[in-house]
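Every value quoted in this text rests on a predicted model; they were computed, and no experiment measured them. FYI, the numbering just counts along the sequence from 1.
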Amino acid sequence: MNQPFPASSGALPLTEAPLQLSVIIPTFNERDNVTPLFERLKVALAGIAWEAVFVDDNSPDGTANVVRALARHDPRARCLRRIGRRGLSGACIEGILSSSASFVAVIDADLQHDETQLAKMLGILQAGQADLVVGSRYIEGGNSDAFNKQRAGASALATTIARRVLRVEVNDPMSGFFMIRRDRFEELAPQLSTQGFKILLDVVATARGSLRIVEIPYTFGSRLHGESKLDSMVMLDFLGLVLAKFTNDIITLRFVLFAMVGTLGLLVHVAALYVALDALQLRFGEAQTVAAICAMTSNFLLNNFLTYRDQRLKGFAILRGLLLFYLVCSVGLLANVGVAFSIYDQEPTWWIAGAAGALMGVVWNYAMSGLFVWRKR
């Protein structure tokens, strides 16, 4: 016997209401922070249809398992586990693109951002007053006293560089706490870098003044569990991003980092050549070979550690990658010399020919390294 459905009351339960907000939370080794943050979001977003997308970079501490345990009891929690990819910016981009709400927020998992501001940020966007709302530590009412002196100094320097070089009119472009309209983010997403840590700076710089931005103050809190993921490489990531955006994305962040490593490799080559000639008393041909091997080895290790750290080779793959890198760079050297001689024959200016050959070598090495050495599997 068929049973009639009860008449609708007209109001959907909150879990069935149209989704209003997706909160994207990049994580790596944040097991102890997941549940406290989720509980805080429940309180801060009461009355709002929301979801929390935890984008986990395959944390060895079991962060993804904690999120899945939450999701079994509350469908508002979701885990997007990434394998073979690392980096906060890439995690945020993938998380946002995997969600479906009209508005998306990015917040760190370390409990240092003020989740109580999310409802206010959502209200500003829903009212059409802005396309992007930034949680700022550096406007009246904001506070960043939880920073130690070293991090405070680095943040202030990075903010100054970003505002002056890229002419970014945001007081806190280094903030990792913001909310944006999905349609505007979707427009910018193809031009964003998946590397690095400063996704907000990338968004604002890529938009080139087309976003209506509102900043609201918040107090940056102290980390309760875990350790900061920011290391000495973050500043190089940041400088690479600034250079990439300064050139209007003609060159990518990864290429900038690859070129930086290549410049350091030149110094290694010269130093090794000097030692081989002066201390080891080798003939020039032998010394040049030793110096080239030293430079290629240092370039490989630095690129594996920095440029391709989201695809970092480990174990036996390091040896295989090193041998492939030797091969790629050897062919790149031939391309370097061939282009230099070709240009020198037409215009006998040594530095123009040398620079053109070097550029050809760098472009070749970069393209072939990405294709064969650090290819995505």
Side-chain angles (χ1 to χ4, degrees), residues 9-27 30-56 63-82 88 91-136 175-186 188-189 199-200 203 211 213-221:
S9 64
L12 292 173
L14 187 58
T15 55
E16 298 180 14
L19 194 62
Q20 296 171 273
L21 176 66
S22 295
V23 183
I24 311 304
I25 309 163
T27 61
E30 298 285 2
R31 177 188 59 196
D32 295 332
N33 291 327
V34 167
T35 301
L37 176 58
F38 193 73
E39 293 300 319
R40 291 186 183 188
L41 290 175
K42 286 182 182 178
V43 175
L45 298 174
I48 296 171
W50 60 279
E51 66 173 348
V53 182
F54 292 85
V55 187
D56 185 62
T63 298
N65 293 332
V66 176
V67 178
R68 292 193 190 101
L70 278 176
R72 282 193 286 269
H73 301 285
D74 192 325
R76 291 175 295 185
R78 184 155 61 88
C79 178
L80 176 60
R81 182 184 173 197
R82 304 199 307 167
L88 186 144
C92 292
I93 293 170
E94 289 189 39
I96 292 174
L97 296 180
S98 75
S99 63
S100 56
S102 298
F103 304 98
V104 290
V106 171
I107 186 171
D108 284 351
D110 55 17
L111 307 178
Q112 292 182 289
H113 293 158
D114 185 0
E115 74 288 339
T116 65
Q117 299 299 315
L118 288 171
K120 179 179 179 180
M121 298 164 86
L122 180 61
I124 292 172
L125 293 180
Q126 288 179 323
Q129 299 172 15
D131 302 313
L132 169 67
V133 181
V134 178
S136 178
S175 177
F177 181 37
F178 63 92
M179 189 181 296
I180 189 171
R181 286 173 42 182
R182 164 174 299 285
D183 57 347
R184 297 310 313 273
F185 184 86
E186 295 272 3
L188 301 172
I199 179 65
L200 175 63
V203 167
L211 290 174
I213 303 174
V214 169
E215 294 185 79
I216 64 171
Y218 83 99
T219 298
F220 189 76

Check your understanding: Are any non-hydrogen side-chain atoms of Leu88 and Asp108 less than 4.5 angstrom apart?
Key -> yes
Exercise for review: Please examine the side chains of Arg40 and Leu111, heavy atoms only from C-beta on, and report whether any two atoms are closer than 4.5 Å.
Suggested key: yes
Practice item. Applying side chain to side chain contact (heavy atoms under 4.5 Å, CB included), run through Phe178 and Ile199 and close with a yes or a no. Key: CA-CA 10 Å; Phe178 63 92; Ile199 179 65; 3.8 Å; yes
Review point. Can you list the steps and then say if Arg76 with Leu41 is a side chain to side chain contact (heavy atoms under 4.5 Å, CB included)?
Key: CA-CA 10 Å; Arg76 291 175 295 185; Leu41 290 175; over 6 Å; no
Review point. Does a side-chain heavy-atom distance below 4.5 Å link Glu39 with Thr35?
Key: yes
Point to revise | Contacts of Phe103 that satisfy ring pair (Phe, Tyr, Trp, His ring centres under 6.0 Å) - sequence neighbours left out | key: none
Exercise for review: For the residue pair Val203 and Leu211, establish whether any side-chain heavy-atom pair is separated by less than 4.5 Å.
Suggested key: yes
Review point. Taking atom OG of Ser102 and atom CZ of Arg182, what is their separation to the nearest 0.5 Å?
Key: 7.5 Å
Study note, to complete from the structure: Between Ile48 and Ala119 the two heavy atoms that sit nearest each other are CD1-CB, 4.1 Å
Exercise for review: Would you mind reporting whether Ser98 and Arg78 have side-chain heavy atoms less than 4.5 Å apart?
Suggested key: yes
Check your understanding: Should the ring pair Phe177 and Tyr218 be called parallel, tilted or perpendicular, given that the plane angle runs from 0 to 90° and is split at 30 and 60?
Key -> perpendicular
Practice item. List the atom of Ala101, the atom of Ser22, and the distance in Å for their closest heavy-atom pair. Key: CB-OG, 3.2 Å
**Study point:** Pair Asp74-Lys42, side chain to side chain contact (heavy atoms under 4.5 Å, CB included): steps then yes or no
**Key:** CA-CA 11 Å; Asp74 192 325; Lys42 286 182 182 178; 3.5 Å; yes
**Study point:** Main-chain N/O of Phe54 paired to Thr27 side chain as donor or acceptor, under 3.5 Å
**Key:** no
Exercise for review: Please report the shortest heavy-atom distance between Ile24 and Ala91, naming the atom on each side.
Suggested key: CG2-O, 4.5 Å
Review point. Heavy atoms, side chains only, cut-off 4.5 Å: are Ile216 and Ile124 in contact?
Key: yes
Practice item. Measure the spacing between CG of Leu21 and CG of Leu122 and express it to the nearest 0.5 Å. Key: 5.5 Å
Exercise for review: Work out which heavy atom in Ala105 is nearest to a heavy atom in Leu118; give both atom names and the distance.
Suggested key: CB-CD2, 3.9 Å
Point to revise | Within-4.5 Å side-chain heavy-atom neighbours: Met179 and Gln117 | key: no
Check your understanding: So how far is it from Met121 CE to Glu215 CD, rounded to the nearest 0.5 Å?
Key -> 10.5 Å
**Study point:** Partner of Glu186 under side-chain contact (heavy atoms from CB on, under 4.5 Å), chosen from Val104, Ile96, Leu97
**Key:** Leu97
**Study point:** Nearest-0.5 Å distance, CG of residue Leu125 to CZ of residue Arg184
**Key:** 11.5 Å
Check your understanding: Between His113 and Phe220, does a side chain to side chain contact (heavy atoms under 4.5 Å, CB included) hold up when you go through it step by step?
Key -> CA-CA 6 Å; His113 293 158; Phe220 189 76; 4.0 Å; yes
Review point. So, for Val214 and Ala130, which heavy atoms are closest and what is the spacing to 0.1 Å?
Key: CG2-CB, 3.6 Å
Point to revise | Interatomic distance, Gln112 atom CD to Leu37 atom CG [nearest 0.5 angstrom] | key: 12.0 Å
Practice item. Taking Gln20 for its side chain and Ala49 for its backbone only, find out whether a donor-acceptor pair lies under 3.5 Å. Key: yes
Check your understanding: Got a second to check how far Ile180's CD1 is from Leu200's CG, nearest 0.5 Å?
Key -> 8.5 Å
